Each structure stands twice: as structure tokens, then as C-alpha cells.
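Notes follow once the structure below has been shown.
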Amino acid sequence: AQSVTQPDIHITVSEGASLELRCNYSYGATPYLFWYVQSPGQGLQLLLKYFSGDTLVQGIKGFEAEFKRSQSSFNLRKPSVHWSDAAEYFCAVGAVSGGSYIPTFGRGTSLIVHP
Amino acid sequence: ETGVTQTPRHLVMGMTNKKSLKCEQHLGHNAMYWYKQSAKKPLELMFVYSLEERVENNSVPSRFSPECPNSSHLFLHLHTLQPEDSALYLCASSQESGGSYNEQFFGPGTRLTVL
């Protein structure tokens with residue numbers, strides 16, 4: 001079965017600083033990988049996804065992520081954080097089960113942005 | 001309405017009550033999901049419906065009963081819940097087609113409190 005590990009429960013950065021959120025996955029085949037963001041009281045919104053091809057993926061809001069098969073990682077990055085980026089971030093890996101797509105989510109990383 | 005909507009947004013119920021959560025997707029998708037999101041726990045997949053048939057049930061207690069009358073609507077019927085069932089319940093939808101899998105679109109969730 002697939003699994004996702006987000007080793008950082010909380011990350012605190014200053015506004016304007018760079019950001020990297022870590023995600024490691026376990027899956028026997030080529031994974032479908034996703035990063036979602038959740039603002040307080042809201043559902044999850046997709047930031048970016050990786051299915052195949054270029055291992056550096058660009059997403060919305062200036063985020064990018066790099067798939068590294070050798071490290072089983074899919075880390076999320078942003079060169080300059082804005083105060084509005086404060087939210088919960090979830091990494092997810094998708095696997096096919098019985099012909100349907102069954103995603104597994106990590107525990108999430110809470111991003112705190114200092115002015 | 002656009003995207004995925006959920007009603008009610010907040011629900012307080014006693015342990016002997018019966019209530020239902022409703023989810024509607026306006027995206028033309030063919031798969032729908034129920035998730036439970038508790039504080040400090042990973043997102044828990046509860047049910048998956050693909051083409052209106054249940055394809056996944058992650059050993060959810062029988063006090064939770066899903067219903068998917070058509071591809072646009074998903075219900076979660078609740079009865080004799082426990083206080084530990086208090087959580088944010090998220091609905092999501094996605095489009096599955098011929099082995100090509102896509103991201104999920106989430107609703108804002110229903111905040112459930114069981115007294």
C-alpha cells in the first residue's frame with residue numbers, strides 16, 4: 001500500500017523568505033503526486049500535480065515541486081513567501097485500486113508566516 | 001453554484017440524532033469521495049463512488065451510511081454518532097476516464113460536532 005510522509009508538522013518563515021516543504025512517498029510503481037493547500041475553514045485546493053514527464057512541476061500561486069524518484073520525494077518550493085501563503089499544506093500520492101483512483105494524504109504541514 | 005458545494009456548513013447533533021450531510025458537484029465528474037478530517041490526524045478516506053457505485057469503504061463504522069443517487073450528488077447519513085466522530089467532513093469529486101486520473105476538487109466541508 002502507498003504511504004506519504006510529511007516530516008514537518010509546522011514550518012515558520014518570514015515574509016519574503018524562500019520555502020521548502022518536504023514530502024516523501026512510498027509506492028511500488030510510478031506515482032501520481034499532488035500538493036494541496038487548505039486555508040482555515042475551507043476545503044483543499046490543488047496547487048500542482050505530477051503524473052509524468054518533466055520532473056519540475058509549476059503550480060499556482062508561484063509554487064513549484066520537484067519529483068525525485070531516487071529519493072522518493074516530491075518537495076514543494078516557493079522562492080518568496082507572502083503572508084497569504086499561511087495555511088495547511090498536504091502532499092498526496094494516488095494509486096489505482098480496482099480501476100479507481102485512491103489517494104493517500106500526508107498529515108499536513110502548517111505554514112506560519114511572520115511579517 | 002460552481003465547483004463542489006456542501007450543506008450544511010456546520011452541524012451540531014446529539015448522539016441519538018439522525019442527520020444527513022449533502023454534497024453536490026457541478027463539474028460533470030464521475031467519481032465522488034467522503035473524507036474525515038480530525039485535528040492532528042491525516043485525512044481519512046471514508047467512501048469512494050465511481051460511476052455511482054461504491055468502490056472503496058475503508059472499514060468505516062456502520063453508523064455512517066453513504067448514498068450516491070446520481071453522479072452529481074453524494075450524501076452521508078449519520079445515526080447514533082459518538083463524540084469522537086466530531087470532525088470536518090470533506091466531500092471531493094474527480095473525473096476518471098480510461099486509466100487517466102486527475103486531481104480531486106474539494107468542497108468547503110461540514111464541521112460536525114457530536115454532543
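Per chain, numbering begins at 1; letters A, B, ... match sequence-line order. In this text, all values refer to a predicted model and were calculated from it rather than measured experimentally.
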Item to check | Connected via hydrophobic side-chain network under 4.5 Å: B:Y49 and B:Y33 | outcome: no
Next on the checklist: Less than 4.5 Å to any heavy atom of chain A: does that hold for the side chain of B:L51, its backbone, both, or neither?
Outcome noted: neither
Next on the checklist: Using the rule that Ile, Leu, Val, Met, Phe, Trp and Tyr join whenever any side-chain heavy atoms are under 4.5 Å apart, tell me whether A:V93 and B:L45 fall into a single cluster.
Outcome noted: no
Item to check | Hydrophobic cluster membership, B:M46 vs B:L88, 4.5 Å side-chain cutoff | outcome: no
Item to check | Option that, when pairs with chain B are counted at under 4.5 Å, heavy atom only, ranks first among A:G94, A:G108, A:P103 | outcome: A:P103
Next on the checklist: Is B:E44 close to chain A through its backbone or its side chain, or both, or neither, when contacts mean heavy atoms under 4.5 Å?
Outcome noted: neither
Checklist entry - Would a hydrophobic clustering, with Ile, Leu, Val, Met, Phe, Trp and Tyr connected at side-chain separations under 4.5 Å, put A:W35 with A:L111? => result yes
Next on the checklist: So which atom in B:F106 and which in A:L44 form the shortest heavy-atom distance, rounded to 0.1 Å?
Outcome noted: CB-O, 3.3 Å
Item to check | Heavy-atom pair of closest approach, residues A:L46 and B:E103 | outcome: CD2-CG, 3.2 Å
Next on the checklist: Could you tell me if the side chain of A:F90 sits less than 4.5 Å from the side chain of B:Q37, heavy atoms only?
Outcome noted: yes
Checklist outcome for this item: Honestly, the part of B:F105 sitting under 4.5 Å from a heavy atom of chain A is neither
Item to check | Side-chain donor/acceptor of B:R9 to backbone N/O of A:G41, under 3.5 Å | outcome: yes
Item to check | Shared hydrophobic cluster, A:L76 / A:F105 (ILVMFWY, side-chain heavy atoms < 4.5 Å) | outcome: no
Next on the checklist: Taking atom CD1 as the centre, does A:I9 end up with more than 12 heavy-atom neighbours from other residues, nucleotides or ligands that are less than 6.0 angstrom away?
Outcome noted: no
Checklist outcome for this item: One option among B:Q104, B:R111, B:Q6 has the most heavy-atom pairs under 4.5 Å with chain A, and it is B:Q104
Next on the checklist: Between B:L90 and A:Q38, is there a side-chain heavy-atom distance shorter than 4.5 Å?
Outcome noted: yes
Checklist entry - Within a reach of under 6.0 Å around CD of B:E53, are more than 12 heavy atoms found that belong to other residues, nucleotides or ligands? => result no
